[in-house]
Amino acid sequence: MATGASEPGASEPKPGSDFIREAVKADLSSGRFKDVRTRFPPEPNGWLHIGHTKAFSIDFGVAQDFGGVCNLRFDDTNPEKEDQSYVDAIKRDIRWLGYEWGANEFYASDYYDYLYDLAIKLIKKGKAYVDDLSDEEMRQYRGTAVPDKNNITLTPPGKNSPWRERPVDENLDLFARMKAGEFADGAKTLRAKIDMAHPNLVMRDPVMYRIRREPHYRTGDAWCIYPMYDFQHPLSDAKEGITHSLCSLEYEIHRPLYDWFIQEAEVFPSRQIEFARLNITHTVLSKRWLLRLVQEKLVSGWDDPRMPTLAGLRRRGYTPESIRDFLSRIGIAKTDSMVDIQLLEHCLREDLNKRAHRVMAVLKPLKLIVDNWPAGAVEWVDAVNNPEDEGAGTRALPFTGELWIERDDFQAVPPPKYFRLFPGNSVRLRYGYIITCTGYDTDPATGELSAVHCSYDPDTKGGNAPDNRKVKGTIHWVSASHAVPIEARLYERLFPAERPMDVPAGTDWLSTIDPDSAQVLQGAYGEPSLASAKPGDFFQFERLGYFSCDPDTRDSRAVFNRSVSLKDSWAKIEKKQG
RNA sequence: UGGGACGUCGACAAGCGGUAAGUCAGCGGUUUUUGGUGCCGCCAAUCGCAGGUUCGAAUCCUGCCGUCCCAGCCA
C-alpha cells in the first residue's frame, strides 16, 4: 500500500500508538495470529464521506504498519440499494486519498455459493432452520416492546417460532426450494438457532437469508435469496483470512454473533475490534442522510463542494495530504466524539500555506483611479509567488492608473482600528506603489459609491518607501485593463447548527440547512495568470483565502471555489466592535 | 432500568500505581509589503461523583450518576 504522493510525516501512526495497534501487536506476540490482514468493506450504496476515510485509513494503515495486507471488499448483499456506479466512485475516492489495494479487490457477492454451502452446513448441524414467520410475527416473537425512544424498554424473553424444531431434512429441502424460487418474497427466512431468551437481542435467532426477487448489479437474477450482514460478514472475513476485522462501535453488540458464526461454521477465526466512528461539527456523516440531500436536490450532487463526501471535499479544494493529516490528529479511541470542523480547516490551511501560489484577485470590485498616473502607462512589478517557498519564484504584474480593489478595503468613514483605504489615508498596493486616498465618487442617482481616487508616490515602486515611513495597510489589486473576469463561489457551512441531527422533535433536520450557504460572485476579477487555470489547480488569493479551480471552468471564464478562508483577525475585531 | 459500551481542559486525545503530554479553538504579545504565516506566553491544585485499597490512585476495588448503541427479512 502506498500512502500517496507525499511521504508519511512524523505524525503517522506507529504500531502500538493506539488501542487497536496495541491489540494487533499483542495478537502477534501471543501467536494468536502470524501476520496481519485487514479489510475495508464498503457497501456500494452511496459515495464515501470523510467518516469512511477514518475507517479505511485505519484498515489500510494498520495493515501497512505491521507489514500486512488490506483487502478492499464490497459488502454487496442487498440488491435493492447497490449499484456499479457506487463501486466506481468508491474506488476512485480511496485511491485519491492515497491507498492502493492492487489485486486484493473482492466482492461479497462472489461468495454467494460459498455462503450457501456454509448455511447448509449449519442446517445439518442443527444450527439453522427455515422459518415461516412473517416479519411482523418475527418482531413479536423476538419479545421486545414497541419502539419508543425515550421510554424504558421492556424486554421479556423471546418466544420460539413454531417452525424452530423442523427436522434437518425438511430444513434442507425448504432452503433448497427457497433458493429455487418456489416461495414468495418474505414468505420464509433461514434463521440461526441460537437462543430466543438471550439478553442480547441480536442473538435471538437472527435471520441469515431472506427471499428477495431483485436483480443484483453483479449477480443479476441468479439468486433470489440474499445473505444477511451478520451471517455473511464473519464468513467473508474468514474466507479472506482476515485477522483483524475493524469496524465501528455500533457493531460491538454484534461481536458475540460474529464469533458464533465463526465457531459454528468452523472457519478462520477473525477478530473483530470496534472503534468510535468520526463525527464532525456542522455536518452530517451518514450515507443515508447524504443521499437525502442529493435526492431532494438541496445540493448539486454527491460532489457539491459543501458536501462532506470525498468528492465534495476534493472539488472544494481539500488535498489528500490535509485530510490524512487531520486523521492523524484526531486519534483512534472508543469514546463517542464530535470533532470540531475547525481542526479540518486548520489542516487544509496548513497544507496550502506551504504549497499554494499566491495570486491577486478581487472578489467584490471597486474602481480605484490613480489621478497622477501617466495616461496610458503600464508598468510591470515583481510579485513573490510563495513567501513560504523561495523556490516558487516571482512573476510580473501589470500596474496601471485604473485598478480594481476590494470593496471592503475602502470606507468613506472608517471604523476604529481600520487601517485600509479612507480619505486622507495611505496604504500600500501590494508589490505596487504606496498611494494616498484623495476622495471618492458617488453615483448621482443612487448616491452609491462608484469610484475611489488616489495619488501614488513614484518613489515607492514595489511597495518600499525610501524614507522608511510606516504604512500600516497593504491591499490587493488588479489592473482593470488586464484583469480577467472570473467566477468565485463562496461557501458557508451547510448547517449553521453545530449538531444538525439534534433538532427538536417534529423538526426535519433538512429544514435547518442554510439556504445561502453557496454564494456565487459573477463579477470578480483575477490577475492575468488566472486565465490559464485548470480544474484542480489551487491558489491563495492574497488576503482572502485558498481557492480551487472548479471543473465548471471554461476557456471563456475560470471558476474558483473558496476552499477555506484565511484566518481573519479583522473580522474578530469588527465583531467585538459590534 | 434487558444487554453492550464509554466518561481526562470548549473540542479531540496521551496517560497502563509514582504525583495531568500534545493538537485545534480561545486569549495576550511580537515579527510581517497578506489584519495571512512564523515566533513567544496564558489556558485541568485535577481526571463524572462518592467511598475504599495503597507510602502513593486519572490509573486497582465497590457503589452511584451521566451519555451513546441495539428490537430491518439494511449494512
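Just so you know, these numbers use all the heavy atoms, side chains as well, and skip hydrogens, waters and symmetry mates. To find a chain, count down the sequence lines: A is the first, B the second, and so on, and within it residues start at 1.
- Base pairing of B:C16: no nucleotide in any strand meets the Watson-Crick or G-U wobble criterion (both distances under 3.5 Å).
- With a cut-off of 3.5 Å on both Watson-Crick or G-U wobble distances, the partner of B:C6 is given as B:G66.
- Considering only side-chain N and O atoms, A:R139 lies under 4.0 angstrom from the phosphate OP1 or OP2 of B:G72.
- Of the candidates B:G28, B:G36, B:G7, B:G28 carries the atom nearest the A:K576 side chain, counting heavy atoms from C-beta on.
- For A:I573, taking side-chain heavy atoms from C-beta onward, the closest of the listed nucleotides B:A75, B:G35, B:U37 is B:G35.
- Checking the phosphate oxygens (OP1, OP2) of B:C74, a side-chain nitrogen or oxygen of A:R210 falls inside 4.0 Å.
- At the heavy-atom level, A:Y209 lies nowhere under 4.0 Å from the strands shown.
- Heavy atoms of A:Y418 sit under 4.0 angstrom from at least one base atom.
- Here A:E321 does not pair with A:K354 in a salt bridge; the nearest charged N to carboxylate O distance is not below 4.0 Å.
- Residue-level contact check: A:E22 touches the bases, meaning some heavy atom is under 4.0 Å from a base atom.
- Taking a 4.0 Å limit (strictly below) on heavy-atom distances, residues 180-195 of chain A reaches RNA chain B at A:G186, A:T189.
- If you check every strand for non-hydrogen atoms under 4.0 Å, A:R349 touches nothing.
- Of the candidates B:G36, B:G72, B:U34, the closest approach to any side-chain atom of A:M228 belongs to B:G72.
- For B:A75, the base is not stacked against the aromatic ring of A:Y229, per a cut-off of 5.5 Å between centres and 30° between planes.
- Nucleic acid contact for A:E80: none, since no nucleic acid atom lies under 4.0 Å from a heavy atom of the residue.
- Using a 4.0 Å heavy-atom criterion, one finds that A:E542 contacts the bases of the nucleic acid, with or without backbone contacts as well.
- Residue A:N45 is out of contact with every strand shown, counting any heavy-atom pair closer than 4.0 Å.
- The residues A:D457 and A:R469 are annotated as salt-bridged, a charged nitrogen and a carboxylate oxygen being separated by less than 4.0 angstrom.
- Under 4.0 Å is where a charged nitrogen must lie from a carboxylate oxygen, and between A:E250 and A:R277 at least one such pair does.
- One finds no salt bridge joining A:K287 and A:E43 here, because no Lys/Arg side-chain nitrogen approaches an Asp/Glu carboxylate oxygen to under 4.0 Å.
- Between B:G35, B:C74, B:G2, one nucleotide has an atom nearer to the side chain of A:D568 than all others, and that is B:G35.
- By the 4.0 Å N-to-carboxylate-O rule, A:E252 lies close enough to A:K334 to be salt-bridged with it.
- Nucleotides B:U59 and B:U19, compared at atom C1', are 12 Å apart to the nearest Å.
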